[in-house]
Amino acid sequence: MEERRAALRSRTFWKGTVLFPGGLRSTECTVRNFSETGARLDCGGVSDIPDHFQLKIPQKGSALFRCKVAWRRVGEIGVHFETDDVAISENSLVRKIEALEGQNRALLRRLRNDDSGY
């Protein structure tokens with residue numbers, strides 16, 4: 001059988017979490033194989049996985065992978081990672097938190113300096 005994948009996939013047995021759009025729902029899955037461009041997920045009896053979602057894989061650190069479903073079979077889906085931002089890195093989240101903490105410190109200083117006598 002001819003290999004049609006863009007990148008070689010490694011067999012895995014990782015826990016994963018499918019995060020539905022809007023963040024109101026998620027479901028657990030098993031990542032059966034993984035490459036830099038996609039993965040095969042065992043989703044059990046869940047048949048309502050959307051065509052686009054985010055995938056969290058604890059073994060890959062804090063990255064979230066934006067996925068597009070490439071194929072579906074009973075209990076399994078193949079996904080392609082969307083390349084415009086394959087993963088949200090831990091460093092970018094740390095920078096966002098640091099910026100918010102700086103804003104909080106500035107607001108607290110303004111509150112202390114703006115003693116309006118209430």
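These numbers were taken from a predicted model, which means no experiment stands behind them.
- Taken from CH2 in Trp71 to CD in Glu76, the straight-line distance is 5.0 Å, to the nearest 0.5 Å.
- The distance from the CG atom of Leu55 to the NZ atom of Lys60 is 11.5 Å, given to the nearest 0.5 Å.
- Considering Leu64, Val31, Leu41 as possible partners of Ile57, the one that fulfils the side-chain contact (heavy atoms from CB on, under 4.5 Å) test is Val31.
- Distance alone, capped at 3.5 Å, is enough to place a donor-acceptor pair between the Asn113 side chain and the Arg109 backbone.
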**Asked** What do the steps show when you test Ile49 against Val18 for side chain to side chain contact (heavy atoms under 4.5 Å, CB included), and what is the final call?
**Response** CA-CA 8 Å; Ile49 302 285; Val18 172; 4.2 Å; yes

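- Taken from NE2 in His80 to NZ in Lys68, the straight-line distance is 8.0 Å, to the nearest 0.5 Å.
- Considering only residues two or more places apart in sequence or on other chains, Phe34 meets the ring-ring contact (aromatic ring centres under 6.0 Å, His included) condition with Trp14, Phe65, Phe81.
- Between Arg73 atom CZ and Arg40 atom CZ the span is 8.0 Å, to the nearest 0.5 Å.
- Interatomic distance, Cys29 SG to Phe53 CZ, rounded to the nearest 0.5 Å: 7.0 Å.
- Taking every heavy atom of both residues into account, His52 and Pro21 meet most closely at O-CG, 3.4 Å.
- Pro58 and Lys15 make their closest contact through CD-O, 3.3 Å (heavy atoms, listed as atom of the first residue, atom of the second, distance).
- Counting only residues at least two apart or in different chains, salt bridge (Lys or Arg N to Asp or Glu O under 4.0 Å) contacts with residues 41-51 comprise Arg25-Asp48, Arg32-Asp42, Asp51-Arg72.
- Expressed to the nearest 0.5 Å, how far CZ of Arg66 lies from CG of Leu19 amounts to 13.0 Å.
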